[in-house]
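Read the numbers this way: they start at 1 and go in the same order the structure lists the ligands and their atoms.
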Amino acid sequence: MEKMKIGVIGAGSISDVHLQSYANHPDVEVYAISDLNEERAKAKAAQYGASKTFADYRELLALPEVDAVSVCTWNNTHAAIAAAALDAGKHVLVEKPLSKTVEEALLVEEAAKRSGKVLQVGFVRRYASNTNLLKRFIDDGELGDIYYAKASCLRRLGNPGGWFSDVERSGGGPLIDLGVHIIDICWYLMGRPKVVSVSGNAYNRLGNRSNIQGLSFYKAADYDAAKNTVEDLANALIRFENGASLMVDVSFTLHAKKDELSVKLYGDRGGAELEPELQLVLERHDTILNATPQVDDVTFNFKDAFQREINHFIAAARGEAETLSPVQDGVELMKMLTAIYESARTGREIRL
Ligand SMILES: NC(=O)c1ccc[n+]([C@@H]2O[C@H](COP(=O)([O-])OP(=O)(O)OC[C@H]3O[C@@H](n4cnc5c(N)ncnc54)[C@H](O)[C@@H]3O)[C@@H](O)[C@H]2O)c1
């Protein structure tokens, strides 16, 4: 079988896990890389063996031999690039969030329908092996009806700077960057119930704390602490049509004792924690059991999850599997996120 030729658009920090995962795939050739900063694209091309580089992504999309692309650019460019790639006949893996606005997300959905190509949203946690294992228990009814979920992703110091903290290019701070992951994973495991309302708060009280020394954190390729127009803490309550609810809080900076990542689900037969460590809470013979699966990855394994996401994308592009994170789910997440920002802005509950 001829190897599938891959293009990667956006050659910054996260592109490395895409490029490495494609490079590890036996049926794939890392073929072309585009970045506004062409030197960056060239350096990655040398590292991963790509033969072509472009400053303008449209030149990459014009190559008929490119079968599929990853979009790893700033949030405000995801939708336009993803739609152009679909219209050029490429399968697309677009990093989260799908877009900056709901309107843009709907344009990508239309382009995906029009093209018949695969559009996979980079909800990498859906592909992680700890999620996969928990999903098997949930699908088997071990938790019963999940009526409550609670998730936190709190960084005490972790504003990635650069475009991430420029609301024009990112669409927001920790809510659109980190909240998108934990809201999505709860919603996915709850069975994607229809959202009826959201209520949220967003604060910009601490700024990016760029004065703090001695602690390292994830940074944009063009790290710059000078501009910071995004929230540093957000929280939300999301209500679903089936009566279930989800509570989340996320931060880039917070006076917290330590970083915190937790994802908890509560059903009428059992409960589960996906993070910080996969654990099931079951009831058998009038006894509560905290059950820890004996597997390698009880926590989220970053590299392995990306590899599984890329492998699944390639399988979907070949027609061998359905993507686990289709465009419609990217649209629904954009509806939730933008409604939370609207609620925070107006001080009201938003009905969807
Ligand atoms: N799934 C995850 O866990 C995860 C983790 C980190 C980042 N991300 C997402 O990946 C995306 C990129 O994040 P990052 O951390 O790599 O940022 P980054 O700033 O390190 O890299 C972004 C790159 O995109 C380039 N770029 C911007 N617009 C472009 C355009 N029109 N054409 C070509 N190149 C362009 C920039 O020059 C830069 O090199 C974001 O959407 C982010 O939300 C996802």
Side-chain angles (χ1 to χ4, degrees), residues 7-21 32-45 52-61 69-85 92-100 104-105 108 120-128 131 153 155 158-185 217-225 227 230 250 252 261 275 300-310 313 325 330 333-334 337:
V8 171
I9 302 173
S13 305
I14 205 64
S15 71
D16 277 305
V17 266
H18 285 248
L19 288 160
Q20 189 58 57
S21 305
I33 303 180
S34 163
D35 198 288
L36 291 177
N37 176 340
E38 202 176 351
E39 289 311 309
R40 190 171 287 155
K42 285 203 169 107
K44 296 270 160 101
K52 296 186 187 292
T53 60
F54 304 97
D56 186 338
Y57 74 86
R58 287 169 299 191
E59 291 180 44
L60 185 154
L61 295 182
V69 297
S70 271
V71 180
C72 303
T73 56
W74 309 326
N75 298 347
N76 65 330
T77 62
H78 287 182
I81 298 175
V92 178
L93 168 56
V94 57
E95 263 302 346
K96 44 51 65 171
L98 172 57
S99 57
K100 205 180 104 170
E104 289 173 354
V108 183
Q120 179 164 310
V121 186
F123 294 138
V124 63
R125 288 180 169 273
R126 292 191 183 196
Y127 297 87
T131 304
C153 185
R155 290 181 183 167
N159 180 325
W163 70 269
F164 280 95
S165 49
D166 171 8
V167 73
E168 290 303 318
R169 287 182 287 169
S170 60
L175 179 62
I176 200 164
D177 184 44
L178 310 173
V180 66
H181 277 304
I182 60 170
I183 293 172
D184 177 68
I185 202 64
F217 53 89
Y218 185 91
K219 291 185 172 114
D222 298 296
Y223 180 74
D224 176 9
K227 188 167 192 183
V230 298
V250 288
F252 272 171
L261 175 62
E275 301 289 345
F300 178 69
N301 178 329
F302 188 79
K303 278 190 185 158
D304 183 62
F306 269 93
Q307 187 69 58
R308 292 166 64 101
E309 177 185 36
I310 297 277
F313 175 56
S325 46
L333 258 290
M334 287 316 298
L337 296 170

Side chain, backbone, both or neither: which applies to [X] and ligand 1 if a contact is any heavy-atom pair less than 4.0 Å apart?
X	value
K96	both
C72	backbone
F306	side chain

Any nitrogen or oxygen of F164 lying under 3.5 Å from a nitrogen or oxygen in ligand 1? Just yes or no.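 F164 vs ligand 1: no N/O contact under 3.5 Å.
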Passing option when D16 is tested against K44, K303, R40 for salt bridge (charged side-chain N to carboxylate O under 4.0 Å, His left out):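 Single pass found, and it is K44.
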Report yes or no: does H78 have a heavy atom closer than 4.0 Å to ligand 1?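 For ligand 1, residue contact (heavy atoms, under 4.0 Å) with H78 is present.
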Of the listed options V94, I81, V180, closest to atom 31 (N) of ligand 1 (non-hydrogen atoms):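 That would be I81.
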Hey, looking at atom 16 (O) of ligand 1, which of T77, I9, I14 has the closest heavy atom?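 Looking at heavy atoms only, I14 sits closest to atom 16 (O) of ligand 1.
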Do T53 and E38 have side-chain atoms, one donor and one acceptor, less than 3.5 Å apart?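 The answer is yes; a qualifying pair exists.
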Just need the protein heavy atom nearest to atom 21 (O) of ligand 1, so name the residue and atom and give the distance.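 Here the nearest protein heavy atom works out to G12 CA, 3.2 Å.
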Using the rule side-chain contact (heavy atoms from CB on, under 4.5 Å), only one of I9, L98, T73, V121 pairs with H78; which is it?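 By the side-chain contact (heavy atoms from CB on, under 4.5 Å) criterion, H78 pairs with just one of I9, L98, T73, V121: T73.
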Any donor-acceptor pair under 3.5 Å linking the side chain of Q307 with the backbone of S21?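 Answer holds: yes.
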Is it true that a side-chain atom of S165 and a backbone atom of K227 form a donor plus acceptor pair closer than 3.5 Å?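 Such a contact is found between S165 side chain and K227 backbone.
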Could you note down all residue pairs passing side chain to side chain donor-acceptor pair (under 3.5 Å) where residues 176-185 supplies at least one of them, sequence neighbours left out?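 Output for this query lists K96-D177, R126-D184.
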